[in-house]
Student: 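Submitted below is the structure of interest, expressed as structure tokens.
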Amino acid sequence: MVATPVADEPWDPCAIPDSAVEAAGLDVESKSTNLFGDAPLSDDWMTCIWTDPDPGSWYFLGVFSSHHDLAYLQANEQFGDFSAPNSAGAVQFRRTASYDEVSCGVAYEVVGGIVYFILDGRAGREPRSEPCSEIGRVTEALQTNLPARAR
């Protein structure tokens, strides 16, 4: 089933079914809208965050949705190294912060805005695979649960 955003709100990534989250290899019980409390991270973004399962969990995976577009994301100084869109329209990017943790993101323009995934390594935990390969695997597994792509 493809999720459809409410007309005046971005699509809610927490609407991804638990069965799909589990099939993508994420810990269903770790679901959160904000790692730092209950308040929304932003008024114009919908957010949902999971980790990979313990024992050995090494990353957070955030899914963000907004009425903004890819140009807005590309203009954000927190992100850089944007790739050209692949055949599915996905653009890969990384955080620009200069810290020792791993990160990789994938963004899609969808009808009514943008959805992006960002994988951030957990402090002090050794990555168990290459972060862009891991986020590619997860995003591929969740494709059928995302809003329709923009044409």
Student: What are the two closest non-hydrogen atoms of V21 and V28, and how far apart are they?
Tutor: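 That closest heavy-atom pairing would be CG1-CG2, 4.1 Å.
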Student: Donor-acceptor pair, T51 side chain versus S57 backbone, under 3.5 Å?
Tutor: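 The answer is no, because no donor-acceptor pair under 3.5 Å joins these two groups.
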Student: For the side chain of S66 and the backbone of D44, is there at least one donor-acceptor N/O pair under 3.5 Å apart?
Tutor: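 At least one qualifying donor-acceptor pair exists.
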Student: Would you mind checking if R137 and E140 are paired as a salt bridge, meaning a charged N to carboxylate O distance below 4.0 Å?
Tutor: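 Judged by the 4.0 Å cut-off on N to carboxylate O distance, E140 and R137 do not form a salt bridge.
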Student: Looking at E29, I want to see if its CD is surrounded by more than 12 non-hydrogen atoms of other residues, nucleotides or ligands under 6.0 Å.
Tutor: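 Open.
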Student: Measure across P13 and S65 and return the closest heavy-atom pair with its distance rounded to 0.1 Å.
Tutor: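 Scanning both residues, the minimum pair turns out to be CD-CB, 4.1 Å.
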Student: Can any side-chain N or O of E109 pair as donor or acceptor with the backbone N or O of L70 at less than 3.5 Å?
Tutor: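 Side chain of E109 to backbone of L70: a pair is present.
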Student: Could you tell me whether Q74 atom CD has more than 12 heavy atoms of other residues or ligands within 6.0 Å of it?
Tutor: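 More than 12 within 6.0 Å, yes.
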Student: What are the two closest heavy atoms between K31 and C48, and how far apart are they?
Tutor: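 That closest heavy-atom pairing would be CG-SG, 3.7 Å.
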Student: In terms of hydrophobic clusters joined by side-chain contacts under 4.5 Å, are W11 and M46 together?
Tutor: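 Unlinked, W11 and M46 end up in two clusters.
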Student: Give a yes or no answer on whether the side chain of T96 reaches the backbone of G80 with a donor-acceptor pair at less than 3.5 Å.
Tutor: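 Here the side-chain-to-backbone pair does not exist.
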Student: Ignoring hydrogens and angles, tell me if any N or O in the side chain of R128 forms a donor-acceptor pair with the backbone of G56 under 3.5 Å.
Tutor: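 Yes; at least one donor-acceptor contact below 3.5 Å.
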Student: Do L61 and L119 come within less than 4.5 Å of each other through their side chains, counting heavy atoms only?
Tutor: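 L61 vs L119: side chains touch.
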Student: Is there side-chain contact between V102 and Y59, with heavy atoms separated by less than 4.5 Å?
Tutor: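 SC-SC contact between V102 and Y59 ruled out.
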Student: Rounded to the nearest 0.5 Å, how far does CD of E134 lie from SG of C104?
Tutor: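 Answer for the SG-CD pair, C104 versus E134, is 10.5 Å.
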Student: Find the distance between OH (Y116) and OG1 (T47) and round it off to the nearest 0.5 Å.
Tutor: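 Here the interatomic distance stands at 7.5 Å.
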Student: Any idea which heavy atoms bring R94 and P131 closest together, and the distance?
Tutor: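 Closest heavy-atom pair between R94 and P131: NH1-CG, 4.4 Å.
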Student: Heavy-atom distance under 4.5 Å between the side chains of Y72 and I114, does that happen here?
Tutor: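 The answer is no, as the side chains (C-beta and beyond) never meet within the 4.5 Å cut-off.
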Student: Once rounded to the nearest 0.5 Å, what's the spacing between atom CZ of R95 and atom CG of N76?
Tutor: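 These two atoms lie 9.0 Å from each other.
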Student: Indicate yes or no: at least one non-hydrogen side-chain atom of P17 is less than 4.5 angstrom from one of N145.
Tutor: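 Side-chain contact under 4.5 Å: yes.
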Student: Looking at every non-hydrogen atom in both residues, tell me the closest pair between P147 and V110 and how far apart they are.
Tutor: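 Looks like O-CG1, 3.8 Å.
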Student: Quick one: closest heavy-atom pair of F93 and V106, and the distance?
Tutor: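 Nearest pair, atom of F93 first, then V106: CE2-N, 3.5 Å.
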Student: If you round to the nearest 0.5 Å, how far is CG of L26 from CD1 of I16?
Tutor: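 Nearest 0.5 Å value for the CD1-CG distance: 9.0 Å.
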Student: Does Y108 offer a backbone N or O that forms a donor-acceptor pair with the side chain of R149 under 3.5 Å?
Tutor: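 Answer holds: no.
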Student: Do we see a donor-acceptor contact under 3.5 Å between the side chains of D120 and S103?
Tutor: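 No, S103 and D120 have no side-chain donor paired with an acceptor closer than 3.5 Å.
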Student: Supply the atom-to-atom distance L142 CG to W50 CH2, rounded to the nearest 0.5 angstrom.
Tutor: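 Separation between the atoms: 7.0 Å.
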Student: Contact between L146 and F117 at the side-chain level, heavy atoms closer than 4.5 Å - yes or no?
Tutor: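 A side-chain contact under 4.5 Å exists here.
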Student: Any donor-acceptor pair under 3.5 Å linking the side chain of D52 with the backbone of W58?
Tutor: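 Yes, D52 side chain to W58 backbone: donor-acceptor pair under 3.5 Å.
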